[in-house]
Amino acid sequence: MKVLVIGQGGREHALCWKLKNSPSVERVYCAPGNAGTALEATNVDIAATDVEQLVKFAKSERIDLTVVGPEASLVAGVVDAFQAVGLRIFGPTKKAAELEGSKLFSKELMRKANVPTAEFRSFSRFQDAVMYLEEREETPLVVKADGLASGKGVFVCKNRQEALDAVKQIMVDQAFGASGNKIVMEECLFGDEASILAIVDGNTILTLEASQDHKRAQDGDAGPNTGGMGAYCPTPLITDKLMDQIVEKVLVPTIHFMNVEERPFKGCLYAGIMVTNQGPKVLEFNVRFGDPETQPVLMRLKSDLGELLKAAADGKLAEFGPAEWDPRPAVCVVMAAEGYPGPVKKGAVIRGLEDAAEIADAKVFHAGTARKGNDVVTDGGRVLGVTALGADFAEAKLNAYQAVKCVRWQGGWCRKDISDRARSYLAEG
Ligand code: AMP
Ligand code: GLY
């Protein structure tokens with residue numbers, strides 16, 4: 001097969017790498033890609049949301065399967081446009097992508113489908129939201145902009161004042177533009193978070209092994225929220241029993257109700273789960289592979305990813321059978337540019353990538369990189385996702401940080417404690 005991957009981050013580099021190594025795949029293209037995807041695929045200079053040009057390219061190159069990375073492409077309707085001209089594509093339609101594109105849609109669907117999640121209220125007028133906050137008892141509360149906000153539209157508030165500030169930022173200051181025309185306020189959940197990624201063909205659900213992200217910028221989960229500073233797979237937090245519960249109480253009813261709503265879901269369904277004292281509850285749905293979770297998950301996948309995603313796109317996942325996994329855990333450490341998650345300077349020359357490539361069982365996935373002459377330079381906040389396998393978490397972590405040590409650029413940094421939580425779960429039994 002000839003495959004096209006849409007996107008340009010660490011997730012897309014991992015997808016390109018795994019697809020290139022799939023026996024069913026002869027050739028991989030990536031639009032627009034980065035300096036890392038160029039090592040596995042042919043980069044094509046088309047923006048991830050330029051639907052018209054993407055369709056044109058896929059048609060002229062006779063692409064057999066297109067795999068969509070970012071939510072922005074999905075919300076822009078890339079899947080609808082490909083399907084309209086009979087091109088095979090893995091991802092949800094625009095209507096199904098609402099599950100991520102609108103928090104309110106997803107909360108209402110969960111309510112109908114009886115999926116365990118935080119209690120919520122929604123508001124489209126600032127005054128109503130303020131009145132609600134003033135009248136209710138003062139407890140921690142989460143305020144969310146309804147629409148897409150690059151992961152920044154969620155405020156976990158300790159008290160009324162913080163919640164008022166968040167509502168004002170979203171609705172009055174319009175920090176996220178039209179995404180903040182509506183807001184969701186929900187009960188604050190407490191527990192540990194895990195990411196459940198599932199490949200779905202409209203009806204059949206194939207769960208990938210559970211992973212965990214590190215959302216905060218600094219060691220010990222301190223500092224501001226980020227797109228994710230590292231991840232590992234599997235996570236000892238999600239036992240087989242918990243996974244069964246998540247499939248039964250979350251994934252199956254969600255996919256069923258998407259069909260009831262006439263928005264059949266095909267693609268990667270990502271459930272952000274909080275494991276609470278009352279069991280697993282959904283924090284949010286994403287309609288795409290997670291970043292950086294995809295890097296350690298795919299590092300462990302032994303099945304042919306091309307065949308898997310093709311089967312899902314064709315509605316034939318039931319014929320695929322269970323996925324095969326490397327039993328070794330994988331750890332991904334994100335290396336970021338100075339200033340991230342705030343504004344960053346681009347263009348610093350990255351050195352040591354060849355040395356890192358020599359480290360056994362490690363792979364450096366590029367996120368925000370570009371090629372400039374013979375150099376690879378930084379081109380975003382999250383720059384690399386250095387990922388490694390090991391016999392256990394200690395060894396996987398060691399391998400990943402050994403590769404990290406080889407790489408340097410001015411201002412580059414990373415967390416030092418990625419995957420320590422996995423070991424603490426194991427120690428607690
Ligand atoms: P989301 O984009 O909805 O996943 O939210 C981003 C992060 O905010 C999540 O990963 C959680 O850490 C936190 N969060 C979201 N909703 C809640 C909630 N109801 N209770 C506690 N934390 C939450
Ligand atoms: N790692 C979080 C996300 O992909 O949204």
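Order of appearance sets the numbers: ligands from 1, and atoms from 1 within every ligand. For the numbers below, each heavy atom of this structure counts, side chains included, while hydrogens, waters and symmetry mates do not. Please read all numbers here as calculations on a predicted model, not as lab measurements.
- The proximity of V142 to ligand 1, defined as any non-hydrogen pair under 4.0 Å, is limited to the side chain.
- Of all protein heavy atoms, the one closest to atom 19 (N) of ligand 1 is E186 OE2, 2.8 Å.
- Residues K241 and D244 are not paired through a salt bridge, judged by the lack of any N-O separation under 4.0 Å between the basic side chain and the carboxylate.
- N34 and D379 are not linked by any side-chain donor-acceptor pair at a separation below 3.5 angstrom, with hydrogens and angles left out of the test.
- The closest approach between Y270 and ligand 2 falls below 4.0 Å for a heavy atom of the residue.
- For G272, the closest heavy-atom approach to ligand 1 does not fall below 4.0 Å.
- Looking only at heavy atoms of the protein, atom 2 (O) of ligand 1 is closest to E284 OE1, 3.1 Å.
- For the pair N181/D146, no side-chain contact is recorded, criterion being any heavy-atom separation below 4.5 Å from C-beta on.
- Note on E186 versus R121: no salt bridge recorded, every NZ/NE/NH1/NH2 to OD/OE distance being 4.0 Å or above.
- Look at K144 and you'll find a heavy atom under 4.0 Å from some atom of ligand 1.
- Side-chain contact between F285 and T254: present, with at least one pair of heavy atoms (C-beta onward) separated by less than 4.5 Å.
- Within the 4.0 Å heavy-atom cutoff, G290 counts among the residues contacting ligand 2.
- Using a 4.0 Å cut-off between charged nitrogen and carboxylate oxygen, E40 and K363 count as a salt-bridge pair.
- Ion pairing between a basic and an acidic side chain is recognised when a charged N comes within 4.0 Å of a carboxylate O; R415 and D221 show such pairing.
- Contacts between R11 and ligand 2 below 4.0 angstrom, taking non-hydrogen atoms only, are absent altogether.
- The contact set between ligand 1 and E193, taken as ligand atoms under 4.0 Å from a residue heavy atom, comprises 9 (C), 10 (O), 11 (C), 12 (O).
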- request: Apply salt bridge (charged side-chain N to carboxylate O under 4.0 Å, His left out) to E338 and K345, showing your working.
  value: CA-CA 8 Å; E338 189 175 356; K345 248 193 3 229; over 6 Å; no

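- Screening E293, E71, E100, E284 against Y270 for a side-chain hydrogen bond (donor to acceptor under 3.5 Å, both in side chains) leaves a single residue, E293.
- The distance from the OG1 atom of T117 to the CE atom of M110 is 4.0 Å, given to the nearest 0.5 Å.
- A perpendicular orientation is assigned to the rings of H366 and H13, their planes being inclined by more than 60° (bins at 30° and 60°).
- At the top of the distance list for atom 13 (C) of ligand 1, counting protein heavy atoms only, stands V156 CG2, 3.9 Å.
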field: Full working for side-chain contact (heavy atoms from CB on, under 4.5 Å) between F365 and M299
entry: CA-CA 11 Å; F365 294 116; M299 193 104 178; 4.2 Å; yes

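- Those atoms of ligand 2 with a heavy atom of G227 less than 4.0 angstrom away are 1 (N), 2 (C).
- Only the side chain of R288 comes within contact range of ligand 2, with a heavy atom under 4.0 Å; no backbone atom does.
- Ligand 1 has no N or O atom lying under 3.5 Å from any N or O atom of N225, backbone or side chain.
- Interface of N286 with ligand 2, defined as ligand atoms under 4.0 Å from a residue heavy atom, comprises 5 (O).
- Ligand-side atoms of ligand 1 in range of E187: 18 (C), 19 (N), 20 (N), range being under 4.0 angstrom from any heavy atom.
- Below 4.0 Å from some heavy atom of K215 lie the following atoms of ligand 1, by number and element: 10 (O).
- Looking at atom 21 (C) of ligand 1, its nearest protein heavy atom turns out to be L189 O, 3.3 Å.
- Within ligand 2, the atoms closer than 4.0 Å to a non-hydrogen atom of E293 are 1 (N), 2 (C), 4 (O), numbered from 1 in the order shown.
- Counting heavy atoms from C-beta outward, R421 and Y232 have side chains that approach closer than 4.5 Å.
- Ligand 2 places these atoms under 4.0 Å from at least one heavy atom of D213: 1 (N), 2 (C).
- Nearest non-hydrogen protein atom to atom 8 (O) of ligand 1 is V154 CG1, 3.5 Å.
- Protein heavy atom closest to atom 17 (C) of ligand 1, with residue, atom name and distance, is L283 CD2, 3.4 Å.
- Between D291 and ligand 2, at least one pair of N/O atoms sits closer than 3.5 Å.
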